[in-house]
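Below you'll find the structure, written out as structure tokens, and then a few comments.
Throughout, a chain's letter reflects where its sequence line sits, starting with A, and its residues are numbered from 1. These figures come from a predicted structure and were not determined experimentally.
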Protein chains: 2
Amino acid sequence: MIQNYNSKKLYERLPIYVHFLNSIQESNISSTTISKSLNLGEVQVRKDLALVSGKGRPKIGYSTKNLFKAIKKYMGMNHASKAIIVGFGKLGKALYDYAGFSELGIDIVQAFDISNTTDFVKDIKELDSYCLENEILFGILTVPSTEAQATAEKLIRCGIVGIWNFTSVRLNVPSHVVIQNENLAASLSVLVKSTLDKKVGNDYEKSNETNDSYTSKKH
Amino acid sequence: MIQNYNSKKLYERLPIYVHFLNSIQESNISSTTISKSLNLGEVQVRKDLALVSGKGRPKIGYSTKNLFKAIKKYMGMNHASKAIIVGFGKLGKALYDYAGFSELGIDIVQAFDISNTTDFVKDIKELDSYCLENEILFGILTVPSTEAQATAEKLIRCGIVGIWNFTSVRLNVPSHVVIQNENLAASLSVLVKSTLDKKVGNDYEKSNETNDSYTSKKH
DNA sequence: GGTATATCGATAGAGTTATATCGATATACT
DNA sequence: AGTATATCGATATAACTCTATCGATATACC
Ligand SMILES: NC(=O)c1ccc[n+]([C@@H]2O[C@H](COP(=O)([O-])OP(=O)(O)OC[C@H]3O[C@@H](n4cnc5c(N)ncnc54)[C@H](O)[C@@H]3O)[C@@H](O)[C@H]2O)c1
Ligand SMILES: NC(=O)c1ccc[n+]([C@@H]2O[C@H](COP(=O)([O-])OP(=O)(O)OC[C@H]3O[C@@H](n4cnc5c(N)ncnc54)[C@H](O)[C@@H]3O)[C@@H](O)[C@H]2O)c1
């Protein structure tokens, strides 16, 4: 594949830029400044921006507004994507209440549970009708792991094609469905192991550095 | 570097194996079976296991018990790592109550907050004395983003060298400290974008597949 | 207007991670 | 005991991702 670079890692960084651009006042911004503010590689930022946006100007940088729009367009953040949460427990509640997703064009429009139903938490039985009526594409799975596979299948039957999976189960789904596993336990383990590596292997700098887990890179 | 393959991705998979091994009854298990159960590449699993464990036997596989022990040893999961949570809000509470971390040798031993103090949530003012007394190495950062940098610095002053960062801030920390960013918003964006890509680019199979975000791999 | 330079874009290369392939071997089965 | 084969381990290759470098250029400043 020639120069058609479209990667998961890129997709993770673009929202970070969006959040950053949202937070600044300047009407122009350079890739250099962005890279320093976010602890990312300078070349990497430039490459990312070049891919999604129009030209930048030497000595000036990019128009903040245009850059912002370009990234949002590229990521499909303009038309708000509607998502539902299934499993309104501790984690589901935290995610449901979090305001930061809307900045990225994602609205969590409804929560479902098998028992904790309230005004704004519907019974899981209503899943079908709700999803079909509202054309929901995304589901956030925060049910107990024992219920994970069965619940995922329910979601898929309702037309959901993207599942954010917080359970520890590796779901089995048809090929048209996208799964994003959010394995928090694994993630914490990575931190622990990386930290221990660093503490032990202080002989010379370990070559383990990656953009997201380590700090003080020499950009 | 020759064959000293020690990657972040590997560190993410090993806990998945641990969880799986914990859940099965069989006293022997083959890499083939593991790979099918977890939707991972067969060769990849074999390579992972070869790196951390003793030999497997043709037609039999590995001893479940030995494999389990080997991975835990490799990952440093034997001596329990103690972590604290700072910011006992919705997310902090969910993490604090989650039982699944102990399987991976991690104990969340204490929570701190600036206001919601209770019997088991200490005031942030006690952070110093607690961390030093108890030799805490890991901190989970779930304070509001406005407090993130300042709080991270507090943690570091208390001897913490690994921070699991749930805030949207890209922390600036000294080089001996490891940061694991858990950017949930970015992760959700990846799901949305990947799903949209797939829906649109159905001309021929997109070459975007990765082990963690997509399903129905042809292993 | 002329010069210095911050920033850009492009290319090449290095590093990391995953997959395909194949011969070796211990085990199951006849 | 002899044969078929599931599974292993190793090597080679492919795919993906990041970084270093450098010439081009629009802008700032004299
Ligand atoms: N809390 C964490 O920090 C954490 C960390 C990692 C993974 N997880 C995983 O996330 C999931 C949720 O965790 P949690 O802490 O919020 O658990 P929880 O028990 O607080 O919440 C689970 C919710 O799902 C509901 N539920 C049960 N069966 C259901 C069904 N069939 N349909 C719809 N709803 C149903 C329950 O009523 C409950 O409200 C679990 O799978 C857990 O393993 C949680
Ligand atoms: N909830 C989510 O789903 C979600 C998703 C992505 C990111 N985040 C991030 O995670 C963090 C926590 O989110 P939340 O939803 O739990 O928020 P929250 O408001 O429920 O919890 C924050 C807690 O931090 C405490 N706090 C405030 N200042 C403090 C300080 N200086 N020291 C110690 N404690 C302090 C508050 O009292 C509160 O209990 C935020 O930075 C948020 O942006 C949350």
Among [options], which nucleotide sits nearest the side chain of [X]?
{"X": "A/K59", "options": "C/dC8, D/dA28, D/dG9", "value": "D/dA28"}
{"X": "B/R13", "options": "D/dC8, D/dA28, C/dA18", "value": "C/dA18"}
{"X": "A/S31", "options": "C/dC8, C/dA18, D/dG9", "value": "C/dC8"}
{"X": "B/K9", "options": "D/dC18, D/dA26, C/dA18", "value": "C/dA18"}
{"X": "B/S30", "options": "C/dA18, C/dT5, D/dC8", "value": "D/dC8"}
{"X": "B/S7", "options": "C/dT27, C/dC8, C/dT17", "value": "C/dT17"}

Send over the distance from [X] [atom1] to [N] [atom2], rounded to a whole Å.
{"X": "A/L67", "N": "C/dG9", "atom1": "CG", "atom2": "C1'", "answer": "15 Å"}
{"X": "A/K47", "N": "C/dA12", "atom1": "NZ", "atom2": "P", "answer": "13 Å"}
{"X": "B/K8", "N": "C/dA18", "atom1": "NZ", "atom2": "C1'", "answer": "17 Å"}
{"X": "B/I29", "N": "D/dC8", "atom1": "CD1", "atom2": "C1'", "answer": "15 Å"}
{"X": "A/Q44", "N": "C/dA14", "atom1": "CD", "atom2": "P", "answer": "19 Å"}
{"X": "A/E42", "N": "D/dT21", "atom1": "CD", "atom2": "P", "answer": "12 Å"}
{"X": "A/K55", "N": "D/dA24", "atom1": "NZ", "atom2": "P", "answer": "14 Å"}
{"X": "B/I60", "N": "D/dT5", "atom1": "CD1", "atom2": "P", "answer": "17 Å"}

Which side-chain N or O atoms in residues 102-111 of chain B pair as donor and acceptor under 3.5 Å with protein atoms at least two apart or in another chain?
| unit_1 | atom_1 | unit_2 | atom_2 | d |
| --- | --- | --- | --- | --- |
| B/S102 | OG | B/A99 | O | 3.2 |
| B/E103 | OE1 | B/H19 | ND1 | 2.9 |
| B/E103 | OE2 | B/H19 | ND1 | 3.1 |
| B/E103 | OE2 | B/N22 | ND2 | 2.8 |
| B/Q110 | NE2 | B/F120 | O | 2.8 |

Are side-chain N/O atoms of [X] and [Y] paired as donor and acceptor at under 3.5 Å?
{"X": "A/E26", "Y": "A/T64", "value": "no"}
{"X": "B/Y62", "Y": "B/N28", "value": "no"}
{"X": "B/S187", "Y": "A/Q180", "value": "yes"}
{"X": "A/T32", "Y": "A/S35", "value": "no"}

> For the helix from C/dG1-D/dC30 to C/dT30-D/dA1, what angle lies between the axis at the first five pairs and the axis at the last five pairs, to 10 degrees?
Replying inline: 20°
> Toward the 5' end of DNA chain D, which comes first, A/P58 or A/V43, by nearest nucleotide?
Replying inline: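 That would be A/V43.
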> At their closest point, which heavy atom of A/F101 faces which heavy atom of A/L95, and how far apart are they?
Replying inline: CE1-O, 3.7 Å
> Do you know which two heavy atoms are closest between B/P15 and B/Y11, and how far apart they sit?
Replying inline: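 For B/P15 versus B/Y11, the nearest heavy atoms are CD-O, 2.8 Å.
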Would you indicate, yes or no, if [N] has its OP1 or OP2 atom less than 4.0 angstrom from a side-chain nitrogen or oxygen of [X]?
{"X": "B/Y11", "N": "C/dT16", "result": "no"}
{"X": "A/R46", "N": "C/dC8", "result": "yes"}
{"X": "B/Y62", "N": "D/dG9", "result": "yes"}

> Considering only heavy atoms, which members of residues 19-27 of chain A lie under 4.0 Å from some atom of DNA chain C?
Replying inline: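 Nothing qualifies; none.
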>> Please evaluate residues A/F88 and A/F112 with respect to the criterion ring-ring contact (aromatic ring centres under 6.0 Å, His included), reporting the C-alpha separation (whole Å), side-chain torsions for both, the decisive distance (0.1 Å), and the verdict.
In response: CA-CA 6 Å; A/F88 197 69; A/F112 294 87; over 10 Å; no
> What is the distance from atom CG of B/L40 to atom CZ of B/R46, rounded to the nearest 0.5 Å?
Replying inline: 13.5 Å
>> Between A/T32 and B/R57, which residue's closest nucleotide on DNA chain C lies nearer the 5′ terminus?
In response: A/T32
> Do NZ/NE/NH1/NH2 and the carboxylate oxygens of A/K193 and A/D197 come within less than 4.0 Å?
Replying inline: yes
